[in-house]
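Working notes, structure below.
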Amino acid sequence: MEIDEQSESQTILQSMETKLRSNLKIEFLEFIDTSGNCGSSYSVTIVSSDFNKKITLARHKLVNQILSHEISQLHAFSQKTLTPEQWLKEKSK
């Protein structure tokens, strides 16, 4: 990966984190680079009380709206959106 690609992927990652944290009440946020470190594909886990009483489709739609610009620059983006209660259950497995 060239230096320009590294800095661009870091910029996208920082932008996604900033936007999510400023638009949602984040309790846990984790990005995983699923592209082999070239920064063109990410999987994200988001835990937020803002997801309470929302079905998965509505949660994903909300995240997609918040990150629409960044997602358009990626090859792939997957998300796992959980409420704090769901997160506790998943961590205890």
Side-chain angles (χ1 to χ4, degrees):
M1 177 180 353
E2 294 181 21
I3 292 182
D4 286 346
E5 290 174 348
Q6 283 180 334
S7 62
E8 183 177 324
S9 68
Q10 282 301 314
T11 302
I12 291 171
L13 188 58
Q14 290 169 347
S15 178
M16 288 192 294
E17 181 171 356
T18 300
K19 282 187 174 182
L20 288 171
R21 290 192 184 279
S22 65
N23 285 281
L24 298 170
K25 296 175 199 121
I26 300 289
E27 292 197 20
F28 177 82
L29 180 63
E30 178 183 50
F31 288 93
I32 297 173
D33 186 340
T34 57
S35 63
N37 294 322
C38 77
S40 63
S41 178
Y42 288 98
S43 172
V44 64
T45 300
I46 308 165
V47 179
S48 174
S49 59
D50 290 320
F51 298 144
N52 289 337
K53 299 184 181 177
K54 285 186 171 57
I55 62 171
T56 302
L57 182 62
R59 296 173 186 184
H60 287 198
K61 196 172 188 178
L62 176 61
V63 171
N64 288 347
Q65 288 171 342
I66 293 168
L67 301 179
S68 62
H69 176 71
E70 291 77 10
I71 292 172
S72 71
Q73 298 176 50
L74 299 174
H75 292 286
F77 179 80
S78 65
Q79 57 183 292
K80 183 180 233 179
T81 53
L82 303 168
T83 65
E85 294 78 21
Q86 291 171 320
W87 178 241
L88 286 174
K89 285 179 188 175
E90 186 160 307
K91 282 191 340 184
S92 66
K93 288 182 183 177

Should Val63 and Phe77 be marked as a side-chain contact (heavy atoms from CB on, under 4.5 Å) after you check the CA-CA gap, both sets of side-chain angles, and the distance that decides it? CA-CA 11 Å; Val63 171; Phe77 179 80; 4.3 Å; yes
Show your working on side-chain contact (heavy atoms from CB on, under 4.5 Å) between Tyr42 and Leu67 and close with a plain yes or no. CA-CA 12 Å; Tyr42 288 98; Leu67 301 179; over 6 Å; no
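Clustering ILVMFWY residues whenever any of their side-chain heavy atoms sit less than 4.5 angstrom apart, transitively, puts Leu24 in a cluster other than the one holding Val47. By the rule that hydrophobic residues join a cluster once side-chain heavy atoms approach within less than 4.5 Å of another member, Leu74 and Leu13 end up as members of one cluster.
Ile32 forms part of no hydrophobic cluster, judged by ILVMFWY side-chain heavy-atom separations under 4.5 Å.
When only modelled atom types and interatomic distance are considered, Gln65 and Asn23 share no side-chain donor-acceptor pair under 3.5 Å. No side-chain donor from either of Thr34 and Ser43 sits under 3.5 Å from a side-chain acceptor of the other.
From Glu70, atom CD reaches atom OG of Ser15 across 3.5 Å, with rounding to the nearest 0.5 Å. Taken from NZ in Lys54 to NE2 in His60, the straight-line distance is 13.0 Å, to the nearest 0.5 Å. Of the inter-residue distances, the one linking Leu62 atom CG with Thr81 atom OG1 reads 9.0 Å to the nearest 0.5 angstrom. With rounding to the nearest 0.5 angstrom, the CG atom of Leu82 is 11.0 Å from the CG atom of Asn52.
In this structure, Leu20 and Ile26 approach most closely via the heavy-atom pair O-CG1, 3.8 Å. Looking at every heavy atom in both residues, Ser35 comes nearest to Ser40 through OG-N, 3.4 Å. Contact detail for Ile66 and Lys19: the closest heavy-atom pair is O-CD, 3.5 Å.
With sequence neighbours excluded, no residue satisfies salt bridge (Lys or Arg N to Asp or Glu O under 4.0 Å) with Lys89. Every residue two or more places apart in sequence or in another chain that forms a side chain to side chain donor-acceptor pair (under 3.5 Å) with Gln86 is listed here: Arg59, Thr83. Residues passing the ring-ring contact (aromatic ring centres under 6.0 Å, His included) test with Phe31: none are found, sequence neighbours excluded. Every salt bridge (Lys or Arg N to Asp or Glu O under 4.0 Å) that Glu17 has, sequence neighbours left out, goes to Arg21.
For residues 34-52, every residue pair satisfying the salt bridge (charged side-chain N to carboxylate O under 4.0 Å, His left out) rule, not counting sequence neighbours, is listed here: Lys25-Asp50.
Taking the side chain as every heavy atom from C-beta outward, Phe28 and Ile46 never approach each other to under 4.5 Å.
Ionic pairing of Glu90 and Lys80 is present here: one or more N-O contacts between side-chain nitrogen and carboxylate oxygen are shorter than 4.0 angstrom.
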